[in-house]
Amino acid sequence: PWAFVARQGAVELISKAGEAVFPIIPKVIMPLKGALRNEDEGAVVAGMRIIQALATCCEGAGRAMVPYYGKFLPQCNVLLLKAAKSKRNIGDAIDYGQCANVVNCMDDFLGTLEATGGPLALVTLKKYIPTYDSKVLGKNKKEQG
């Protein structure tokens with residue numbers, strides 16, 4: 001229960017902080033990178049949710065995070081590659097492993113980074129995660145068509 005309280009408390013504090021998050025972004029990136037490297041799926045998902053909260057807490061916060069994408073996106077790519085590899089090698093069995101939840105959250109996580117990161121976000125996402133498909137461009141095409 002304490003892990004939940006800590007994780008939820010972090011998200012709520014960030015959501016109320018507004019522009020006060022700008023000076024702390026550089027200070028929290030490395031601990032959040034550590035969360036994404038954790039073996040515990042709950043810690044990885046919590047790290048992604050906290051980064052999402054930072055990116056969406058106020059106007060411009062997502063853009064302020066783009067220079068730090070290189071600190072944590074390589075680990076996201078590793079998680080995606082690990083999930084893809086485990087899916088390829090299971091034959092016709094069903095994978096009930098941990099990666100499914102992280103991968104499902106990863107899709108939403110990367111979409112949030114792209115949507116809030118401004119014009120350089122997609123280029124930076126593609127640099128560190130070559131297999132990433134734009135969520136924002138896909139929405140725009142659906143709305144126009």
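Worth knowing before you read on, the calculation uses all heavy atoms, side chains too, and leaves out hydrogens, waters and symmetry mates.
For the residue pair Leu125 and Leu73, the shortest heavy atom distance occurs at CD2-CD1, 3.6 Å. Looking at every heavy atom in both residues, Ile25 comes nearest to Ile29 through O-CG1, 3.0 Å. Minimum heavy-atom separation, Tyr132 to Lys126: O-NZ, 2.7 Å. When all heavy atoms of Gly18 and Cys58 are compared, the pair lying nearest together is O-SG, 3.5 Å. Of all heavy-atom pairs spanning Gly70 and Pro74, the tightest one is O-CD, 3.3 Å. Taking each heavy atom of Val45 and Cys105 in turn, the nearest pair found is CG1-SG, 3.8 Å.
Atom OH of Tyr128 and atom CG of Asn77 lie 11.5 Å apart (nearest 0.5 Å). Atom-to-atom distance recorded for Leu122:CG and Lys127:NZ is 13.5 Å, nearest 0.5 angstrom. Within the model, atoms OG1 of Thr112 and CE of Met48 stand 10.5 Å from one another, a figure rounded to the nearest 0.5 Å. Annotation: the span from Leu54 atom CG to Phe22 atom CZ amounts to 10.5 Å, rounded to 0.5 Å. To the nearest 0.5 angstrom, Gln75 atom CD is 10.0 Å from Asn38 atom CG.
No continuous path of ILVMFWY side-chain contacts below 4.5 Å connects Phe109 to Val78, so the two sit in separate hydrophobic clusters.
Around atom CD of Glu19, no more than 12 heavy atoms belonging to other residues, nucleotides or ligands sit under 6.0 Å away.
Looking only at distances, a side-chain donor or acceptor of Tyr69 sits under 3.5 Å from a matching main-chain atom of Leu113.
Just one residue in the list Thr116, Val21, Leu13 forms a side-chain contact (heavy atoms from CB on, under 4.5 Å) with Cys57, and that residue is Val21.
No salt bridge links Asp108 with Lys135; every basic N to acidic carboxylate O contact stays at or beyond 4.0 Å.
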